[in-house]
S.K.: 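Here it is: the structure, laid out below.
Computed from a predicted structure; not experimentally measured. We number each residue from 1, following the sequence as shown.
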Amino acid sequence: MKNKILLYLFIFAALFAIFIYVNDKKILDDQTNRIISLQKRLDELETEDDHINIVASDGFYDFSLKRNEPAMTYFENSGFDAAEIERKVQDVLIDMNRSSENNKMVPFEGMNGPMRINKVKLLNHKWLIANFTDGEHWGEILLNYYITNDGNVEFEPLNAFLYPTE
């Protein structure tokens, strides 16, 4: 009798082990298939994202000296540091605001005080764009700038406009 109980317990344990094995295998296979499908979806989304980034970068070009490798190389080949030149050009142009008259680079007379340059952005190794105002009227100016051999900065106005007032 004791042998039969042990035999039944052994058979029950074996069936239970087979049941657990089959059930766990199904769960593992299901999770593996889910991981594979999610990985495929992730790869598709990354490809789509890369495509969107390429299209977006073609559609929008940030004109900036810091992002313009040939312009930076131009300065380096001339013996200057591009970041230092950018600071120097901005400083020289903003320092022209110190007089009680209009900044001499702005071709418009201030109607509500002297015209002052507020912001300067170097586009490349030759051009910059600047924002100016007299406190009420606003405009922008495009300038050529040159770095002389002795490190001085010279400007040449190319074009400017004044936004219409309301």
S.K.: Just how far is it from atom NZ of Lys88 to atom CG of Asp91, taken to the nearest 0.5 Å?
M.R.: 9.5 Å
S.K.: For Tyr145, check side chain to side chain donor-acceptor pair (under 3.5 Å) against everything at least two apart and list the hits.
M.R.: none
S.K.: Quick check: do Phe132 and Phe108 have side-chain heavy atoms less than 4.5 Å from each other?
M.R.: yes
S.K.: Between Glu136 and Met111, is any pair of side-chain heavy atoms under 4.5 Å apart?
M.R.: no
S.K.: Mind checking the CG-CG spacing from Leu93 to Leu128? Nearest 0.5 Å is all I need.
M.R.: 6.0 Å
S.K.: Do the non-hydrogen side-chain atoms of Ile147 and Val89 ever get within less than 4.5 Å of each other?
M.R.: yes
S.K.: Please step through side chain to side chain contact (heavy atoms under 4.5 Å, CB included) for the pair Leu122 and Val120, ending with a clear verdict.
M.R.: CA-CA 7 Å; Leu122 277 65; Val120 178; 4.0 Å; yes
S.K.: Pair Glu44, Thr47 - check side chain to side chain contact (heavy atoms under 4.5 Å, CB included), show working.
M.R.: CA-CA 5 Å; Glu44 290 171 3; Thr47 303; 5.8 Å; no
S.K.: The test is side chain to side chain contact (heavy atoms under 4.5 Å, CB included); show your working for Met115 and Glu109 and say whether it passes.
M.R.: CA-CA 7 Å; Met115 287 289 191; Glu109 290 293 322; over 6 Å; no
S.K.: I'd like to know if the side chain of Thr133 and the backbone of Gly135 have a donor-acceptor N/O pair within less than 3.5 Å.
M.R.: yes
S.K.: Between atom CE of Met72 and atom CD of Glu86, what is the distance when rounded to the nearest 0.5 Å?
M.R.: 9.0 Å
S.K.: Rounded to the nearest 0.5 Å, what's the gap from CG on Asp134 to CG on Leu162? Could you check?
M.R.: 8.0 Å
S.K.: What about Trp138 and Val106, same hydrophobic cluster or not, with Ile/Leu/Val/Met/Phe/Trp/Tyr joined at side-chain heavy-atom distances under 4.5 Å?
M.R.: no
S.K.: Starting at CG of Asn33, measure out to CG of Asp29 and round the result to the nearest 0.5 Å.
M.R.: 6.5 Å
S.K.: Closest heavy-atom contact between Tyr146 and Lys126?
M.R.: CD2-NZ, 4.2 Å
S.K.: Quick one: does Asp24's side chain get under 4.5 Å of Ile20's, heavy atoms only?
M.R.: yes
S.K.: Determine whether more than 12 heavy atoms belonging to other residues, nucleotides or ligands lie under 6.0 Å from atom CG of Asn149.
M.R.: no
S.K.: Give the intermediate values and the outcome of side-chain hydrogen bond (donor to acceptor under 3.5 Å, both in side chains) for residues Asn23 and Tyr21.
M.R.: CA-CA 6 Å; Asn23 191 35; Tyr21 171 76; over 6 Å; no
S.K.: So, Asn97 side chain and Ile117 main chain: donor-acceptor pair closer than 3.5 Å or not?
M.R.: yes
S.K.: Could you tell me if the side chain of Glu84 sits less than 4.5 Å from the side chain of Phe80, heavy atoms only?
M.R.: no
S.K.: Run the side chain to side chain contact (heavy atoms under 4.5 Å, CB included) test on Ile141 and Leu158 for me, step by step, so that the C-alpha distance in whole Å, both residues' side-chain angles and the decisive distance to 0.1 Å come before the verdict.
M.R.: CA-CA 8 Å; Ile141 185 168; Leu158 295 176; over 6 Å; no
S.K.: Below 4.5 Å, heavy atoms only, C-beta onward: do Ile129 and Glu140 meet side chain to side chain?
M.R.: yes
S.K.: Taking the side chain as every heavy atom from C-beta outward, state whether Glu156 and Leu143 have any atom pair closer than 4.5 Å.
M.R.: no
S.K.: How about Phe161 and Tyr163: are their ring centroids closer than 6.0 Å?
M.R.: yes
S.K.: Which residues pass the side chain to side chain donor-acceptor pair (under 3.5 Å) test with Arg34, sequence neighbours left out?
M.R.: none
S.K.: Looking at CG of Asn68 and NE2 of His125, how far apart are the two atoms once the value is rounded to the nearest 0.5 Å?
M.R.: 8.0 Å
